[in-house]
Amino acid sequence: MVRSLILCFLLAGCASTPDEPLYDALGGDAGIERIVDGLIRNVAADPRTRPHFRGIHIAGFRERLEVHFCDVAGGPCKWEGRSMKESHRNLGIESAAFNGLVEALIDAMDAEGVPVSAQNRFLARLATMQNDIVVGQAGGR
């Protein structure tokens, strides 16, 4: 019994550690690509988020999001696109849609087996952008 518990703790610790680069914990380029694909599927299925993506060029969006996620995760990519504030200006994104997107991202990461500790590290980095995306946020647009 004790051996089983020790093995479980050791295996769980190897899944993702705070010292492991976040980019690696997300699965590198291939993992981020799968997460973005899952996120896009989830967003398309959610009535809170779907309206905000009508009329966009999905392939271009996918590519930009992959680069952005890679950069945010500390990978080798460098985001050179518009700021979050600039790119979300006049889109009218409210908290419900933002929360739906976060839930869609969590579901996509869960589906890829990303450890919760890595998910939390990634979400913490992305959360700093909320004020630039959501209408009516303190200090935001």
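None of these values were measured; they are calculated from a predicted model.
From R54, atom CZ reaches atom NE2 of H52 across 9.5 Å, with rounding to the nearest 0.5 Å. In this structure, CD1 on I32 lies 12.0 Å from CG on D37, to the nearest 0.5 angstrom. Distance CD1/I133 to NZ/K85: 12.0 Å, rounded to 0.5 Å. Expressed to the nearest 0.5 Å, how far CG of L65 lies from CD1 of I35 amounts to 10.5 Å.
No side-chain heavy atom of F53 sits less than 4.5 Å from a side-chain heavy atom of I40. Put simply, the side chain of L22 reaches to within 4.5 Å of the side chain of R125, judged on heavy atoms.
Within the 3.5 Å criterion, the main-chain N or O of V67 finds no donor-acceptor partner in the side chain of D71. Between the side chain of Y23 and the main chain of F69, no donor-acceptor pair closer than 3.5 Å is present. Remark: side-chain polar atoms of H88 are paired, donor with acceptor, to backbone N or O of M84 under 3.5 angstrom. For N99 (side chain) and S95 (main-chain N/O), a donor-acceptor pair under 3.5 Å exists by modelled atom type. A donor-acceptor distance shorter than 3.5 angstrom exists from the side chain of Q119 to the backbone of V114, with no hydrogens or angles considered.
Residue R121 comes nearest to E20 through the heavy atom pair NH2-O, 2.6 Å, listed as atom of the first residue, atom of the second, then distance. Shortest non-hydrogen contact noted between A25 and A118 is CB-CB, 3.6 Å. The heavy-atom pair separating R64 from W79 by the smallest distance is O-CZ3, 3.3 Å. Of all the heavy atoms in L101 and T49, the pair that sits closest is N-CG2, 3.5 Å. For L39 against L105, the heavy-atom pair with the smallest separation is CD1-N, 3.5 Å. Among all heavy-atom pairs drawn from L26 and M109, the shortest one is CD2-SD, 4.1 Å.
Residues E103 and R48 are paired through a salt bridge, judged by an N-O separation under 4.0 Å between the basic side chain and the carboxylate.
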| request: Quick one: do C70 and D29 satisfy side chain to side chain contact (heavy atoms under 4.5 Å, CB included)? Show the steps, please. | output: CA-CA 7 Å; C70 174; D29 281 341; 4.1 Å; yes
| request: Report the C-alpha distance between H57 and R62 in whole Å, list the side-chain angles of each, state the deciding distance to 0.1 Å, and finish with yes or no for side chain to side chain contact (heavy atoms under 4.5 Å, CB included). | output: CA-CA 9 Å; H57 184 256; R62 175 182 286 115; over 6 Å; no
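No single ILVMFWY cluster, assembled from side-chain heavy atoms under 4.5 Å apart, contains both V116 and V72.
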